[in-house]
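Remarks on the structure that follows.
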Amino acid sequence: MLLVSSVNVASANDVEVLHWWTSGGEAAAIGVLKDDLSTKGVGWKDMPVAGGGGSDAMTVLRARVTGGNAPTAAQMLGFDIKDWAESTGKLGNLNAVAEKEGWADVVPAALQEFSKHDGNWIAAPVNVHSTNWVWINKSALDAAGGKAPQNWDELVAVLDAMKANGITPLAHGGQAWQDATIFDAVVLGVSSDLYKSAFIDLDEAALGGADMVKAFERMTKLRSYVDDNFSGRDWNLASAMVIEGKAGMQMMGDWAKGEFLKADQKPGEDFVCIRFPGTQGKVTFNSDQFVMFDQGDASDAQVAMAASVMNPTFQSAFNVVKGSVPARTDVPNTDFDDCGKKGMADFAEANSSGGLYGSMAHGHANPASIKNAIYDVVTAHFNGEYDSATAAKELAAAVDAAK
Ligand code: BGC
């Protein structure tokens, strides 16, 4: 009798990749990777788990690995990579391909911080995203006076004008990671000192202090511009509201640009990208990296995938579609649109001037336990459970308890 194994099992030349790229723009970017791999004879087995920030993906991944069924590779962010490397020891070692291809010379130190563990390469960074962006419908902005806001007061004036013009000023989805994504930008906009002392240094006085109360007050103000149906809405549906002109703007990482491009929108013509008012020159970044699961020696397919991901031509093609910028310093900006060129220039400027910070919302400031403690308070406040003074106190207490 012939015993047939499941058709679902990946062959030696396939990679099964766990990721959370489930929107239209994200799927288009994955298509660039799949196509590139297929030219190398490597097939793609998809393992999508929706949810920005990757919390749900990490839960599914843990179940898979605990059950002895690790995927070939997984998308991972910042401190989750460190956590997986330290707590499981199951991540593959990519030193051979990294050394052969000279990754150390071209990957910015801020990313290497997460790609390496104990001196070994354990992840291949495919991009750099950042969270302090605003995506504005161009016609809605024109109808609201036409000037992109440069500071908080100008932002409020534009939001008020959009409201008066009868559209939803702010497109948002009420999910903890989306609330936290806005909070990244709002805290940075109050001051970079506040961002650094609260989220990077976890300083109790900053977490519970007057400037943090101010940041929460700004969140309350932004909450007043969101429509009634925001609860639970996926981020890409919020992007669609801006694309369709039903809403004026979205405050979201530059993966949102992938949605605008997928809908054939042109930067400067159909939409406008700006840094969150008051944060120009500063960047809260996150980098999607691929870790490989240890299979003894890295398989040919794993090495091929790591090499593809790090190839400069691929990094240009992929990031043009994804909305992010390359994870290497030697990729020309020629093929990028104006928002992408700005993203590359802003990252370089922030990196050299000390204005580059890991995104709290997307796992580049703290381990998940602390990130989740912050998420809980930010969402409870956004949903009206705490006033702003209470929220700041609760934030300091929650972070202290999670440390
Ligand atoms: C990832 C992006 C992704 C976004 C929304 C972020 O955490 O870094 O690549 O597009 O979540 O899914």
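Order of appearance sets the numbers: ligands from 1, and atoms from 1 within every ligand.
Some N or O of Trp21 is nearer than 3.5 Å to an N or O of ligand 1, by distance alone.
With hydrogens left out, the protein atom closest to atom 11 (O) of ligand 1 is Trp20 NE1, 3.1 Å, a heavy atom. Looking only at protein heavy atoms, the nearest one to atom 5 (C) of ligand 1 is Glu26 OE2, 3.1 Å.
Those atoms of ligand 1 that come under 4.0 Å of a heavy atom in His129, given as number and element, are 2 (C), 8 (O), 9 (O). Listed by number with element, the atoms of ligand 1 under 4.0 angstrom from any heavy atom of Gly53 are 6 (C), 7 (O), 11 (O). Set against the non-hydrogen atoms of Trp235, the atoms of ligand 1 under 4.0 Å away are 5 (C), 12 (O).
When the heavy-atom distances from atom 2 (C) of ligand 1 to Lys322, His362, Gln178 are ranked, the shortest goes to Lys322. Evaluated by nearest non-hydrogen atom to atom 9 (O) of ligand 1, the leading choice among Asp234, Val126, Asp288 is Asp288.
The closest donor-acceptor contact from the side chain of Asn127 to the backbone of Asp288 lies under 3.5 Å. The main-chain N or O of Gly25 is found under 3.5 Å from a side-chain atom of Glu259 such that the two form a donor-acceptor pair. Although no hydrogens or angles enter the test, the distance criterion places no donor-acceptor pair under 3.5 Å between the side chain of His362 and the main chain of Leu77.
By the 4.0 Å heavy-atom criterion, Gly54 is excluded from the residues contacting ligand 1.
No part of Asn127 comes within 4.0 Å of ligand 1, judged by heavy-atom distances. With a 4.0 Å heavy-atom cut-off, ligand 1 is reached by the side chain of Leu77 but not by its N, CA, C or O.
Aromatic ring centroids of Tyr386 and His381 lie 6.0 Å or more apart. Between Phe183 and Phe216, the ring center distance clears the sub-6.0 Å criterion.
A salt bridge is defined here as a Lys NZ or Arg NE, NH1 or NH2 lying under 4.0 Å from an Asp or Glu carboxylate O, and Arg328 with Glu101 fails to meet this definition.
Across Phe290, Phe79, Trp84, Trp121, a single residue satisfies ring pair (Phe, Tyr, Trp, His ring centres under 6.0 Å) together with Phe114, and that is Phe79.
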